[in-house]
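Quick notes on the structure that follows.
We're numbering straight along the sequence, starting at 1. Keep in mind that this is a model prediction, so the values were computed, not measured.
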Amino acid sequence: MNERADGRSIRLFASDADLSEPPPLDDLDQLVRFVQDHDGVLLRYSKGPRVDADSGPSRDYEAAVDLPGLSATTVEPEPWWPRPAEDWVARRVCKYAELGEQEGRYAWLLTGDLVGHGPDHEPLVVNVRPLARITTKALDQAKALYRQRFDVGRDST
């Protein structure tokens with residue numbers, strides 16, 4: 001249990017058993033199948049579940065506010081998406097890949113209970129259950145596909 005600034009407790013992880021290193025997903029195809037086969041999959045870049053549990057909930061450093069859960073991002077394709085699921089997944093993984101470039105951080109998939117949205121509209125979750133870790137190989141494949149199939153950096157104006 002972690003404590004919020006207002007003194008209320010937050011259960012960041014569903015159980016202590018969830019603090020171990022999640023199993024790896026070694027390639028993009030495996031990652032896409034995993035996302036398609038599970039409901040409520042979110043993506044997080046951090047030093048992993050154990051460090052997140054010890055550190056407590058995410059923080060909005062700009063506003064100096066503790067958030068009511070861990071920040072994550074969506075990775076499941078939206079129902080309206082007309083392109084292959086691998087395009088969506090690769091794009092979502094790449095949008096925050098720079099967060100995984102910091103020492104000791106990596107991409108991992110999770111599910112949990114939504115408790116709100118952060119200042120950048122990111123899902124905030126508690127009762128987190130780690131699902132899988134995305135390996136460097138799978139990330140590199142996602143980056144290659146993203147660069148191949150998208151006009152990276154072009155905005156919608």
Do the side chain of [X] and the main chain of [Y] share a donor and acceptor less than 3.5 angstrom apart?
| X | Y | result |
| --- | --- | --- |
| R105 | Y45 | yes |
| W88 | E76 | yes |
| R129 | N127 | yes |
| T135 | L25 | yes |

With a 4.5 Å cut-off on side-chain heavy-atom distances among I, L, V, M, F, W and Y, is there a chain of contacts connecting W81 to V152?
yes
Within this structure, what is the [atom1]-[atom2] distance for the pair [X] and [Y], rounded to the nearest 0.5 Å?
| X | Y | atom1 | atom2 | value |
| --- | --- | --- | --- | --- |
| E62 | D120 | CD | CG | 8.0 Å |
| K137 | D26 | NZ | CG | 6.5 Å |
| L70 | S58 | CG | OG | 5.0 Å |
| D113 | T111 | CG | OG1 | 8.0 Å |
| L145 | L28 | CG | CG | 6.0 Å |
| L31 | L139 | CG | CG | 8.5 Å |

Nearest atoms (heavy-atom pairs only) where A138 meets I134
CB-CG2, 3.8 Å
If you compare all heavy atoms of G48 against all heavy atoms of W108, which two are closest, and at what distance to 0.1 Å?
CA-NE1, 4.0 Å
For a quick check under 3.5 Å, do Y106 and E21 share a side-chain donor-acceptor pair by atom type?
yes
Relative to each other, are the rings of F150 and Y146 parallel, tilted or perpendicular (30° and 60° limits)?
tilted
Which of these, R92, H121, E122, R44, sits in a side-chain hydrogen bond (donor to acceptor under 3.5 Å, both in side chains) with T73?
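So, applying the side-chain hydrogen bond (donor to acceptor under 3.5 Å, both in side chains) to T73 and each of R92, H121, E122, R44, only R92 qualifies.
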Could you check V41 against L131 for side chain to side chain contact (heavy atoms under 4.5 Å, CB included), going step by step and ending with a plain yes or no?
CA-CA 8 Å; V41 177; L131 301 172; 4.1 Å; yes
Does the pair L43 and T74 meet the rule for a side chain to side chain contact (heavy atoms under 4.5 Å, CB included), with working shown?
CA-CA 6 Å; L43 171 67; T74 58; over 6 Å; no
F13/L19 under side chain to side chain contact (heavy atoms under 4.5 Å, CB included): CA gap, chis, key distance, verdict
CA-CA 8 Å; F13 287 84; L19 301 181; 3.6 Å; yes
For atom CG of D39, is the number of surrounding heavy atoms from other residues, nucleotides or ligands below 6.0 Å larger than 12?
no
Checking side chain to side chain contact (heavy atoms under 4.5 Å, CB included) for the pair V115/V125: CA distance, chi angles, key distance, verdict?
CA-CA 6 Å; V115 292; V125 291; 6.0 Å; no
